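Everything below concerns the one structure shown next.
The model shown is predicted, which means the values in this text are computed figures rather than measured ones.
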Amino acid sequence: MKPLSRFGPCGRTVAFALAAFAVALVGCGDDAVPSVDGGEDGGTEGGLSFCSTDDDCNDGIACTTEFCNDLGVCQFRPDHSQCSDDVFCNGEEVCSLTEGCIPAYRTACNDNDVCTIDECDEEAAQCTHAPRDIDGDGDPDSHCANGGDCDDRDPRRASTFSEVCTDLVDNDCDGLVDEPECGAPPGDTCDTAIDVSGGGLFELYLDGAARDYSASCVPAGGRDLAFSFTLTEPMDVDIAASGIGTSSVALFAECGDLETEFECDRAVRAEVRARALPAGTYGGVVFSSATGLSSDEPTVVTVDLAPATDPPANEACGGAEEILSSGVVHGSLVDVSSDLSTACFAGNTPDLVYFITTDAPHDIQLTATSSDGSPLAIETRTTCDDVDSSLRCVRGIPADTRLYSVPAGTYYFIVESAAGAEPDFDLKVEVLEPTMPPAGDVCDTAIAIPVGMTVTGTLAGAQDDHTVSCGLPYRDVVYTFELDAPKDVFVQVDSGNTFAYAAVSNDCGNIAAERLCIAGASPGLRMWNVPAGTYYLLVESFASPSLAINVAATGPTPTTPVTGNTSCNSAYAIPATGGVFTGSTVAGGVMLDTIQCLDASGPEAVFMIELDTPRTLTASTEGSAFDTVLSLRQAGCTDASEVACNDSAGAGDTGVLAKALTAGTYYLVVDGFSGAAGDYVLAVSLAP
């Protein structure tokens with residue numbers, strides 16, 4: 001330690017300075033004077049720092065103010081304002097002379113009252129203590145002062161509510177359920193419509209509501225509630241509803257007036273959208289297919305109101321939007337009309353038009369993705385308003401396609417959605433170096449399948465180049481196999497759990513030459529007595545599954561053509577040996593119904609079986625070209641005599657029956673589901 005006779009900068013002894021400074025510290029509150037090294041002209045003595053100027057004082061703490069006082073000793077004061085993050089609700093940060101800025105504890109708004117909801121209001125920079133109302137129905141919990149809500153977890157129950165009829169709930173918290181003076185819930189009619197002008201999320205309980213209104217997309221039955229909103233200026237409007245069962249939502253200029261309906265949608269999640277809806281008051285109705293007396297689940301309605309946007313300029317060919325290079329363009333189909341007809345969607349489908357011009361051969365990759373997960377379609381044309389110039393039309397979730405090595409030129413892309421859907425979407429366009437299409441993309445590059453073997457492949461990267469009678473505009477791949485003699489053929493397409501379509505033809509790409517087209521998860525095609533020759537298998541799907549395809553050939557089994565068996569009176573007699581029978585139900589009558597199957601409303605072909613001894617019947621319509629229903633009846637051939645029925649156990653929604661029969665007369669009826677008709681195959685075995 002240096003001698004105490006050392007003089008400070010003011011000519012006073014250090015001892016005197018220490019005494020004076022100690023007195024000065026009494027008025028410094030919690031401030032402390034840490035021991036730090038002085039500057040070049042400074043030093044330390046007894047844990048103090050001596051200085052000549054402010055620059056001699058540096059404690060390394062960013063939030064302190066440092067200065068050399070009149071006694072020649074460094075002094076440090078905390079500046080709490082240097083630590084503040086200007087956020088009220090996370091507490092007040094402080095400056096420590098030894099640690100610097102110390103994070104604050106969150107502002108404690110707890111008033112220790114269980115009957116208040118304590119929150120911190122950042123905007124007002126204060127704590128709030130609202131009455132406890134967890135379900136937000138406006139009535140505080142009955143366990144608290146000034147509260148009457150007997151169940152603060154159920155927004156249908158409050159002392160301020162009226163009793164709702166038939167919902168089996170004590171709505172008014174009087175201890176009684178559905179008492180005689182009960183009435184309808186709010187919004188049951190347009191006179192009590194729920195105001196949603198502020199937008200947001202609303203939970204609507206349809207318990208006790210009646211079905212008061214109609215809309216273009218809503219069948220009879222169920223219940224409805226009305227809502228209304230007022231716009232003070234034009235706005236974009238998006239209203240969606242979802243709940244138990246199928247929901248529907250309709251928008252009207254006049255609440256509930258069918259003649260003023262703007263739009264109606266029916267789905268698990270129903271949605272209506274309007275662009276730049278003018279200022280005014282509008283009405284809407286939410287419908288639910290639920291018919292039970294009571295439900296704990298609400299119909300959730302979301303109302304989004306946004307500044308009005310202009311309609312797109314590229315609704316028709318004359319305003320087609322140019323795409324200059326690879327990239328993503330955004331579009332919206334809200335209130336867009338149907339100006340062009342494509343091969344992908346039928347009916348009044350909204351569409352927008354884009355085009356790109358290339359100066360050399362290129363691949364063009366297109367992907368259209370909707371904002372709500374709904375399907376989209378893209379059709380590519382060389383002449384915008386000429387449907388015959390279409391190169392390809394694809395649809396999917398998302399819709400995507402690749403055009404291989406297209407020549408230099410201008411190409412138009414028409415993006416559309418299904419009727420009634422108005423999603424926003426992104427269209428990604430990639431102009432790539434030209435390449436050749438993969439094997440199986442077209443008939444000329446069909447992939448060979450040796451009979452009796454399994455070939456693996458995939459629909460990834462495949463394009464939609466062909467059309468099959470039971471399919472849709474989805475990506476497809478072409479296979480081929482050879483028969484050197486007539487055979488019974490069974491083609492198994494293993495697509496995992498992915499729904500796929502498969503068709504066999506002896507003329508690739510020609511629907512008229514199809515022998516059979518089947519749809520399903522891993523479809524199987526059974527064909528009897530197929531002549532020798534070259535055949536093509538087209539497989540398509542909305543997705544890109546891996547495939548395993550096997551072609552098995554046996555036999556052949558002779559088939560018997562049958563005609564004229566359009567009723568029970570003209571039934572064709574099946575011999576005891578059974579057999580395979582072919583024909584068509586197109587010219588048949590519609591005279592029979594079924595008790596055990598649903599909607600067997602197609603024309604019929606009827607067969608009769610006479611048994612002298614008990615037999616085990618096995619019958620199948622696999623290989624038929626339509627959705628069949630197979631019914632077995634006893635003598636009399638009436639609907640009431642039906643003993644068995646099946647409509648979908650076989651591949652391609654065909655019927656299969658297996659039943660032990662006693663001696664007697666029976667009738668097999670080949671029918672069609674929901675009015676379907678076409679060429680059928682009936683294979684019958686009668687085993688002892």
Side-chain angles (χ1 to χ4, degrees), residues 312 314-317 319-333 336 338-345 349-418 421 423-438 441-442 458-467 471-477 540-544:
N314 58 326
E315 289 194 44
C317 291
E321 180 179 331
E322 184 175 11
I323 299 171
L324 298 177
S325 61
S326 296
V328 177
V329 294
H330 176 74
S332 176
L333 293 166
V336 170
S338 177
D339 297 283
L340 299 167
S341 296
T342 71
C344 288
F345 286 123
T349 56
D351 47 50
L352 294 176
V353 187
Y354 303 85
F355 74 94
I356 193 169
T357 300
T358 62
D359 57 4
H362 284 96
D363 284 5
I364 301 178
Q365 175 73 45
L366 304 170
T367 305
T369 306
S370 63
S371 58
D372 59 2
S374 60
L376 292 174
I378 310 172
E379 183 166 84
T380 303
R381 298 179 180 178
T382 56
T383 303
C384 183
D385 56 1
D386 181 8
V387 66
D388 292 332
S389 72
S390 175
L391 300 179
R392 180 178 296 144
C393 192
V394 297
R395 72 181 189 185
I397 309 172
D400 66 296
T401 187
R402 185 175 184 128
L403 304 166
Y404 292 95
S405 298
V406 293
T410 298
Y411 298 91
Y412 294 87
F413 313 128
I414 303 167
V415 180
E416 66 178 353
S417 66
D424 297 342
F425 65 87
D426 287 326
L427 174 63
K428 183 178 181 180
V429 180
E430 298 175 89
V431 180
L432 307 169
E433 291 300 314
T435 62
M436 296 301 295
D441 189 62
V442 295
T458 180
L459 278 167
Q463 308 304 313
D464 179 32
D465 297 289
H466 309 285
T467 302
L472 293 167
Y474 292 145
R475 67 190 75 217
D476 51 49
V477 63
E540 69 177 24
S541 175
F542 66 94
S544 303

Would you say [X] and [Y] make side-chain contact, with heavy atoms under 4.5 Å?
X: Ile378; Y: Thr342; result: no
X: Leu376; Y: Glu416; result: no
X: Arg395; Y: Leu472; result: yes
X: Pro407; Y: Pro361; result: no
X: Leu340; Y: Cys317; result: yes
X: Phe425; Y: Ser332; result: no
X: Arg381; Y: Tyr411; result: no

Donor-acceptor pair, distance only, cut-off 3.5 Å: does the side chain of [X] make one with the backbone of [Y]?
X: Thr383; Y: Asp385; result: no
X: Arg392; Y: Arg402; result: yes
X: Ser326; Y: Val431; result: yes
X: His330; Y: Val328; result: no
X: Gln463; Y: Gly461; result: yes
X: Asp351; Y: Ser338; result: no
X: Asp363; Y: Thr435; result: yes

(Q) Looking only at side-chain N and O atoms, does Arg475 offer a donor or acceptor that is under 3.5 Å from a partner on Ser544? (A)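 Checked: Ser544/Arg475 side chains pair up, N/O donor to acceptor below 3.5 Å.
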Q | Pair Val353-Phe413, side chain to side chain contact (heavy atoms under 4.5 Å, CB included): steps then yes or no | A | CA-CA 6 Å; Val353 187; Phe413 313 128; over 6 Å; no
Q.
Going by salt bridge (Lys or Arg N to Asp or Glu O under 4.0 Å), name the pairs with one or both residues in residues 423-437, residues two or more places apart or in two chains.
A.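 Counting only pairs at least two positions apart or across chains, the salt bridge (Lys or Arg N to Asp or Glu O under 4.0 Å) contacts touching residues 423-437 are Arg273-Asp424.
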Q) Of the options Val394, Ile364, Val406, Leu403, which is the one that meets Thr380 in a side-chain contact (heavy atoms from CB on, under 4.5 Å)? A)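 For Thr380, the side-chain contact (heavy atoms from CB on, under 4.5 Å) test succeeds with only one of Val394, Ile364, Val406, Leu403, which is Leu403.
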